[in-house]
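A short write-up of the structure that comes next.
Order of the sequence lines fixes the chain letters, A, B, ..., with proteins taken first and strands second; residue numbering starts at 1 for each chain. Since the structure is predicted, the reported quantities are computational estimates derived from the model, not experimental observations.
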Amino acid sequence: MPELPEVETIKRELNKDIIGKKIVDVVIKNPKVIKQITPAKFSSQIKNSSIKQIIRKGKILIFGLSTGKFLVIHLRMTGQLVFPGNKEKSRVSFVFSNKKILDFNDSRLLGELKLMDDWRNLKFIKELGPEPFEINETVFGKMLGAKKTKIKPLLLDQKFIAGIGNLYAAEVLFRSRVYPERPASSLSSKEKKLLFKEIKDTLREAIKCGGSSIDQYVRLSGKRGNYAAHHKVYNRKDKPCFVCKTPVKRMVQGGRGTYFCPKCQK
DNA sequence: AATGGGACCTGCGCGC
DNA sequence: TGCGCGCAGGTCCCAT
């Protein structure tokens with residue numbers, strides 16, 4: 001579900017709502033989502049700590065706790081953080097001293113909660129590529145130039161660049177007019193430059209809208225994000241391209257659906 | 001090195 | 001109404 005804009009939205013809302021708050025209880029309704037530590041230890045080591053800071057790395061959220069430990073949250077496909085929660089769909093509930101509850105919901109149970117001494121030790125995080133906002137177009141161009149792989153799966157590769165997922169990869173390629181099967185190294189310098197710009201613009205616009213709510217994703221408040229109204233191709237199979245009216249197509253690349261305009265994207 | 005397929009999971013919408 | 005299938009904002013692992 002959530003890509004950089006969605007996780008960033010949640011991070012900003014958490015920053016407003018739960019910094020300094022004390023967790024007095026951790027209720028685990030489905031232990032499957034707790035990784036690398038027993039559920040009992042997970043609860044007991046979080047209980048009675050307060051939240052000092054919220055960090056985002058790519059699509060991962062990290063809560064810095066007053067004990068010095070870190071709660072690492074990967075929402076994967078259907079993870080939600082909702083505050084205050086409603087318990088119903090909750091897999092794990094964090095109960096605060098004022099009785100309000102932060103719920104981790106996750107219908108597909110693919111999400112992960114970890115408690116770590118240092119989040120920097122996580123293999124996935126160590127291997128994470130740079131975020132689009134951390135590099136410039138020259139660096140991005142050089143990164144692409146070295147890769148013969150298809151551009152769309154490459155954008156999904158978190159080791160290559162962090163934060164882009166299936167939805168935004170399709171959107172940025174449409175906006176750059178680049179066909180998703182093109183080898184990365186085949187992009188002209190003009191195309192690389194445009195792609196880099198569209199990645200940053202798209203992510204920024206999506207953050208401004210509070211992310212894209214297609215199915216499961218909601219903001220911390222439970223409200224939907226509004227960016228789906230701006231999607232150009234994602235989830236628009238057979239609908240007319242906003243530029244040329246040609247029906248948007250869907251194909252499969254690396255097992256993932258890819259939406260594109262067969263006329264606009266070369 | 002680059003692909004493809006399957007696995008992890010649940011739940012929705014669709015066509016029959 | 002009921003059932004089976006395809007599909008899902010992610011990532012890992014294995015085979016070719």
Hey, can you tell me if A/Y259 and A/Y234 have their rings parallel, tilted or perpendicular (30° and 60° cut-offs)?
-> perpendicular
Check every strand shown and say whether A/F124 touches a base, only sugar-phosphate, or nothing at a heavy-atom separation below 4.0 Å.
-> sugar-phosphate
Assess whether one donor atom and one acceptor atom, taken from the side chain of A/R108 and the base of C/dA8, lie less than 3.5 Å apart.
-> yes
From the list B/dT3, B/dG11, C/dA8, which nucleotide is the closest neighbour of the side chain of A/S107?
-> B/dG11
Measure the distance from CD1 on A/I73 to C1' on C/dG10 and round it to the nearest whole Å.
-> 16 Å
How close or far is atom C1' of C/dG10 from atom CG of A/L110, stated in whole angstroms?
-> 8 Å
Select base, sugar-phosphate, or nothing to describe what A/G165 touches, counting heavy atoms under 4.0 Å on all strands.
-> sugar-phosphate
How would you label the contact of A/N166 with the nucleic acid (heavy atoms, under 4.0 Å): base, sugar-phosphate, or nothing?
-> sugar-phosphate
What nucleotide, of B/dT10, C/dA8, B/dT3, holds the atom closest to the side chain of A/T149?
-> B/dT3
Using whole Å, report how far NE2 of A/H74 lies from C1' of B/dC8.
-> 13 Å
Assign each of A/K148 and A/D215 the nucleotide of DNA chain B bearing its closest heavy atom; nearer the 5' end lies the nucleotide of A/K148
Short side-chain N/O contact from A/Q158 to OP1 or OP2 of C/dT11, under 4.0 Å | yes
By side-chain contact (heavy atoms from CB on, under 4.5 Å) - contacts of A/R177 (at least two apart) = A/L194
For C/dA8, does either OP1 or OP2 sit under 4.0 Å from a side-chain N or O belonging to A/R256?
-> no
Check against side chain to side chain donor-acceptor pair (under 3.5 Å), A/N226 and A/K208 = CA-CA 9 Å; A/N226 295 323; A/K208 218 180 239 177; over 6 Å; no
Tell me, with the steps shown, if A/Y179 and A/F260 meet ring pair (Phe, Tyr, Trp, His ring centres under 6.0 Å).
-> CA-CA 7 Å; A/Y179 181 60; A/F260 65 101; 5.6 Å; yes
Would you kindly confirm whether A/I23 and A/I55 end up in one hydrophobic cluster when ILVMFWY residues are joined by side chain heavy atoms under 4.5 Å apart?
-> no
Please state how far atom CD in A/E181 lies from atom C1' in B/dA2, giving the value in whole angstrom units.
-> 13 Å
Using the P atoms only, state how far C/dG2 lies from B/dC9, rounded to an integer number of Å.
-> 29 Å
A/R91, nearest nucleotide to its side chain (from C/dG10, C/dC7, B/dT10) | B/dT10
State yes or no: do A/L4 and A/I73 share one hydrophobic cluster built from I, L, V, M, F, W and Y residues joined by side-chain heavy-atom distances below 4.5 Å, directly or via other members?
-> no
Pick the P atom in C/dC5 and in B/dG6, then give their distance to the nearest Å.
-> 15 Å
Below 4.0 Å: OP1/OP2 of C/dT11 and any side-chain N or O of A/K59 | yes
A/L156 CG to B/dA2 P, straight-line distance once rounded to whole Å | 15 Å
Given atom CG of A/D238 and atom P of B/dC14, what is their separation to the nearest angstrom?
-> 14 Å
Provide, to the nearest angstrom, the distance between the CZ atom belonging to A/R182 and the C1' atom belonging to B/dT3.
-> 20 Å
Remember a base hit wins even if backbone is also touched, and classify A/S212 as base, sugar-phosphate or nothing at under 4.0 Å, heavy atoms.
-> base
Using both distances under 3.5 Å as the test, list the Watson-Crick or G-U wobble partner of B/dC9, or none.
-> none
Atom CE of A/M251 and atom C1' of B/dT3: how far apart are they, to the nearest Å?
-> 14 Å
